[in-house]
Structure formats: C-alpha cells, structure tokens
Number of protein chains: 2
Amino acid sequence: MTTPGDRPAAEPIPPSRRIAALLREKIISGGYAPGDKLPTERALAQQHGVARNTAAAAIRILAGEGLVDTHQGSGAYVRATPRLIRLGAGRYARNLRASGLSPFGAEVTRQGRTPRVVCTSITRIEPPAEVAERLEISSRDETVVRRENHYFADESPMQIGITYAPWSIVEHSVISHSTTLGPGGIYARFDDLGHSVTRARDELSARMPIPEELAILAIPPGVPVLDLRHVSIDQNGRPFEVSHFAMRADHMAVDYDVPVED
Amino acid sequence: MTTPGDRPAAEPIPPSRRIAALLREKIISGGYAPGDKLPTERALAQQHGVARNTAAAAIRILAGEGLVDTHQGSGAYVRATPRLIRLGAGRYARNLRASGLSPFGAEVTRQGRTPRVVCTSITRIEPPAEVAERLEISSRDETVVRRENHYFADESPMQIGITYAPWSIVEHSVISHSTTLGPGGIYARFDDLGHSVTRARDELSARMPIPEELAILAIPPGVPVLDLRHVSIDQNGRPFEVSHFAMRADHMAVDYDVPVED
DNA sequence: TCGACAAACTGGCTTAAGCCAGTTAAGCAC
DNA sequence: GTGCTTAACTGGCTTAAGCCAGTTTGTCGA
C-alpha cells in the first residue's frame with residue numbers, strides 16, 4: 001500500500017547486497033587496491049551490525065563477480081587483474097609455424113613466462129555430432145582422432161584444447177598416436193599430409209566452467225571460460241580439423257584481424 | 001595423520017556440493033529436462049537429511065553455474081538453452097549494409113524474432129585512454145563522440161554497444177547528434193564521410209557482468225558477458241571508429257572466417 | 001462460469017551458534 | 001640466530017529457527 005506522492009517503491013536493498021555494493025565501490029574506485037585484504041567476515045559483521053553469515057554472503061557476492069579471491073584461514077583479497085595472454089590475429093599463419101613456436105607459446109614467451117603444453121590423451125572415437133558436421137563427414141562412416149591438450153603458463157593451467165581430425169587423413173601421421181608432433185606443431189604435420197590451413201572459421205562464446213574444466217583449469221569462482229570452436233579449411237576448401245578450446249577468460253583473450261569484403 | 005596404505009585423502013565432499021553434484025548429474029544426463037522444476041529447498045533438505053540452508057546452498061551452486069533459474073515463490077527450474085544469436089563472419093560486409101539491416105537485426109529477423117536497437121545517449125567526451133590509443137589520437141587534443149546503443153530481441157536486452165568516433169570525422173554527420181542514422185546504419189554514414197571499413201580488428205574476452213550491465217541486460221546469475229572490442233580500419237589503413245560490446249554470453253556468439261596468410 | 005479471496009507454498013534473506021581446516025604469528029627451545 | 005610448537009585467527013560449511021514477498025491453488029460467492 002502506497003500513499004499518493006510516494007516514490008515508486010525505492011525498494012530496500014538487503015544488507016548483504018548493500019555491504020557488497022559498498023565494498024565493490026571501494027574496490028572499483030581504488031580504495032582497495034588489487035591484492036589488498038578486505039576486512040574479515042567477523043569484522044565486517046561487527047562494523048555493519050549484522051551476523052557473520054550476512055557478511056560472508058556479501059563477500060560471496062563479490063567472489064561470484066570475480067572481484068575477490070578468498071583464502072581459507074587467511075582472508076579475502078581484491079583480485080589482481082592478471083596479464084592477458086592474447087592469441088594474436090596471425091596465429092594460424094605459416095611463418096609462425098616456421099619459428100617452431102605455437103601461438104600460445106609465442107605469446108607466453110614474449111611475456112617472459114614459460115609455456116608448457118601437454119597432450120593428455122589421444123583416442124580414436126566416433127565423432128560427436130557437432131564435430132562430424134563441421135568436418136563434413138558422417139559420424140557413422142568415419143572415425144576421428146581426438147587429442148586433448150592442456151596449456152600452461154608458468155605451471156598455471158590456462159586452456160584446454162581438444163582437436164579432432166578424420167582418421168582417414170591422419171592415420172599414418174604422428175598426429176594419430178604421438179604426444180609429440182615435432183617442429184611446427186600440428187599444422188606443420190597437416191602441411192606434410194597435403195592439407196594447408198587456408199581459411200579458419202572460429203565461433204566464440206562464453207559460459208561458466210563445467211566441473212571437469214574447473215578441476216583441470218583450477219578456475220576460481222566468478223571466472224567464465226571463453227569457448228572457441230575452430231575449423232581449419234585447406235587449400236581445396238575442405239575442412240580437415242576442428243578444435244574446441246576452453247580458455248580461462250580472466251587470463252586469455254583472442255584477437256582477429258579480418259579483411260572486409262564488399 | 002595417515003597410516004601407510006591410505007588412499008591419498010579422498011577428501012570428503014561437503015553435503016551442499018554433494019547434493020549439487022547429484023542434481024547437476026541429473027540435469028546433464030537429461031533426468032531433469034530444460035524447464036523442469038527441481039525439488040523445493042525444503043523437500044531436498046528432507047530427502048538428504050540436511051538443513052534447508054544446505055539445500056539452498058546446493059541450488060545456489062547450480063545457479064552460479066548457469067544451470068538453474070530460481071523464481072521466488074515458485075521454484076528452481078533447469079535453464080533452457082536459448083537460441084543463439086550468431087553474429088556472422090560477414091557482418092561488416094558492404095553488401096549487408098545495402099540490405100538496410102544491421103548484422104544483429106538480420107540474424108534476429110532470420111530467427112523469426114523482432115530486433116530493436118535504441119540509442120540511449122550521444123555525448124561528446126574526451127576519449128578514455130584505451131579508446132584514444134586504438135583510434136591513434138591523443139586524448140588531450142581531440143574529443144570523440146560516444147554513442148551508446150542497447151540491442152533487443154523480442155524486447156529482451158541482448159547486448160550493449162558503445163561506439164566512439166573522432167569528432168573531427170563525424171562533426172558534420174548525423175553520427176554526432178542523431179539517434180537515427182538512416183539506411184545502412186552507421187557504416188553507411190561513414191562511407192558517406194569517405195571512410196569505408198576495409199579491415200576490422202576485434203579483441204574478445206569474457207567476464208562476469210558489472211552491476212550496470214546487470215541492470216541493463218537483466219542477466220540472471222551465472223551468465224557471463226562476452227566482451228568485444230572492435231576497431232574499424234578504412235581504405236587508408238587508418239582507424240576511424242572503435243566499439244565496445246558487452247553481450248549476454250548465453251544468448252550470443254560471434255563468428256569469424258579469416259583467410260590465413262603465409 | 002468466472003472472479004475474488006485466502007491459504008498454502010516457495011525462494012530470499014537473516015540471525016545465532018558452532019565445528020572444522022587452513023594460515024599466521026608469537027614464543028620457546030636449542 | 002634457527003627451527004619447532006602452539007595459540008589465535010580466518011574462511012568453509014552446517015544447523016535450526018524465523019520473517020518476508022512472490023506464486024500457486026483451492027474455495028467460495030455472485
């Protein structure tokens with residue numbers, strides 16, 4: 001029931017949200033710098049005259065927004081913005097392969113960090129429907145090789161990459177069975193097989209990590225993953241490889257530089 | 001203290017996580033279909049012999065992962081995967097401008113939905129450092145026009161776009177002052193001014209929405225935003241416009257189709 | 001048949017209390 | 001000093017109880 005002249009509700013904000021907003025403001029304005037420790041839950045509770053649970057809820061809100069890291073036994077800290085690993089627009093170019101460095105490795109090295117890529121599994125499977133469609137094969141007729149890679153910078157996991165290639169193409173290549181692919185990486189091996197990346201089709205979106213990714217990437221709360229689905233097209237206009245990357249969105253970005261047709 | 005032969009911890013999973021994992025499993029496997037209602041907090045609590053708070057915590061975990069929507073007074077429901085608005089690779093092409101539809105409008109229309117774009121503000125400001133850098137101007141010497149647009153599909157907000165253009169270029173164009181830009185949109189007007197998009201540079205990442213975006217986009221918990229920074233390069237290789245998009249990652253994806261150089 | 005109303009129900013949010021595990025720092029023994 | 005032990009502290013997580021606001025549903029009356 002409102003009396004005439006009342007403001008349109010001006011809904012009361014719950015204490016947990018109000019405290020979160022106060023802290024958020026202070027974080028964004030720089031009152032708390034990256035790395036700074038927030039007041040303890042118990043201190044916040046006392047300062048604002050609420051229960052500890054409510055203070056904890058406020059901090060949980062900020063953690064969910066990716067603004068704050070909590071460490072059991074220690075405290076809650078303003079999350080530092082990490083240096084971005086930026087996958088450059090020219091990352092599929094052939095001259096990069098000549099250098100022997102992967103796009104990921106090149107960028108991480110450029111930042112003075114140490115890249116590491118491990119191939120955790122190589123299997124031969126019936127392709128998932130989505131993969132078969134992108135490869136323009138029928139999932140009944142043809143199997144694919146599935147390679148799973150984990151990418152690290154200074155031992156921190158950064159992205160998961162799953163690559164699918166038709167068995168008929170890679171059957172006699174190291175791609176089908178070896179965790180090490182030799183100089184120039186996988187695209188150099190595809191070159192050897194007569195398939196050169198001539199065009200790349202990428203589809204990007206983002207989402208919260210699934211538990212498996214959370215375990216592998218050790219993603220803190222409030223950090224989404226960039227979901228990149230890639231198709232490599234060869235000189236004959238045929239797709240010969242698809243990859244699916246899940247990247248820590250707080251550490252990674254993807255660049256594109258595309259010519260605009262008429 | 002562990003005795004020899006102990007398994008490496010096998011750490012006990014807290015009840016809230018365990019219940020969340022059970023529900024998650026049932027959601028992913030299809031036991032609960034999109035739109036299905038989960039048991040109520042009170043029912044879950046009783047079923048698993050825990051307090052209602054613990055059941056609520058389990059559901060909050062799933063909400064944070066974007067798997068579940070909660071509606072006060074009603075229940076928690078498995079979130080339906082919305083149809084993706086896919087911004088196609090050819091979205092800057094000139095022939096698209098001829099059709100009179102924006103890339104966003106074209107895709108939404110193609111899906112049988114109704115697109116709407118509103119320009120909420122046009123201001124003349126000193127460019128933020130990042131914008132000045134991308135436009136290759138000095139923020140002291142030159143001001144820019146800042147246009148903010150909100151994009152809707154069937155009245156649901158989908159993305160926020162903020163466009164910056166040097167005042168010296170758009171001073172005498174509708175771009176500097178009119179919320180309606182005429183046929184072909186902003187790139188057609190830039191064409192009129194002698195600046196044709198010849199190359200596009202895009203940088204993509206993702207993050208959780210800031211409160212302002214949350215308010216405009218009405219984003220439910222557990223949904224990140226795709227953060228796209230775009231630079232338009234003209235026929236002389238000079239940048240003439242930068243845009244910053246924040247897109248609901250659960251409803252939108254971005255495509256690229258790039259030729260691979262040597 | 002239909003609308004209004006009321007009761008039952010559901011999630012949102014809080015309080016107060018407590019145990020646990022990980023961290024930190026002080027102090028003590030050497 | 002150096003290294004260990006311990007006590008204090010911090011977040012993680014739970015219980016039990018309760019009020020509130022929004023939703024659903026059943027019932028009653030016109």
Side-chain angles (χ1 to χ4, degrees), chain A residues 1-2 6 8-23 32 35-79 214 218 220-222, chain B residues 1-2 6 8-23 32 35-79 214 218 220-222:
Chain A
M1 179 68 184
T2 60
D6 269 1
E11 50 190 277
I13 294 163
S16 56
R17 290 178 189 275
R18 194 176 48 76
I19 296 170
L22 281 170
L23 294 172
Y32 289 122
D36 278 6
K37 186 180 174 185
L38 263 49
T40 68
E41 294 179 354
R42 290 162 175 91
L44 271 180
Q46 193 167 28
Q47 284 168 29
H48 294 89
V50 296
R52 188 192 148 200
N53 273 355
T54 304
I59 289 179
R60 191 168 48 232
I61 290 171
L62 300 178
E65 294 171 358
L67 291 175
V68 152
D69 277 319
T70 58
H71 296 289
Q72 188 178 357
S74 176
Y77 300 83
V78 178
R79 185 175 289 174
L214 214 142
Chain B
M1 183 64 185
T2 60
D6 270 1
E11 50 191 277
I13 294 163
S16 57
R17 291 179 188 276
R18 194 176 48 77
I19 296 170
L22 280 171
L23 294 172
Y32 290 122
D36 278 6
K37 187 180 173 183
L38 263 49
T40 67
E41 294 179 354
R42 289 164 175 91
L44 270 180
Q46 195 167 26
Q47 284 169 29
H48 294 90
V50 297
R52 189 192 148 201
N53 274 354
T54 303
I59 290 179
R60 191 168 49 233
I61 289 171
L62 299 177
E65 294 171 359
L67 290 175
V68 152
D69 277 319
T70 59
H71 297 288
Q72 189 177 357
S74 177
Y77 301 83
V78 177
R79 186 174 288 171
L214 214 143

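Every chain is numbered from 1, with letters handed out A, B, ... down the list of sequences.
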Contact pattern, 5' to 3', of nucleotides 5-15 of chain D - B, S or - by protein heavy atom under 4.0 Å | -----BBBBBB

Non-hydrogen side-chain atoms of Val78(A) and Leu38(A) separated by less than 4.5 Å = yes

So how far is it from His48(A) NE2 to Arg18(A) CZ, rounded to the nearest 0.5 Å?
-> 6.0 Å

Interatomic spacing from CG in Asp36(A) to CZ in Arg79(A) - rounded to 0.5 Å = 15.5 Å

Heavy atoms only: give me the nearest [X]-[Y] pair and the separation to one decimal.
| X | Y | answer |
| --- | --- | --- |
| Ala55(B) | Ala45(B) | CB-N, 3.8 Å |
| Ala20(B) | Leu62(B) | O-CD2, 3.6 Å |
| Ile59(B) | Pro39(B) | CD1-O, 4.3 Å |
| Ile61(A) | Ser16(A) | CD1-O, 4.1 Å |

Listed range with range, the stems formed with DNA chain D by at least 3 consecutive Watson-Crick or G-U pairs (under 3.5 Å) are C:1-30 with D:1-30

side-chain contact (heavy atoms from CB on, under 4.5 Å) partners of Ala21(B), counting only residues at least two apart = Arg24(B)

What integer distance in Å separates Gln46(B):CD from dA17(D):C1'?
-> 16 Å

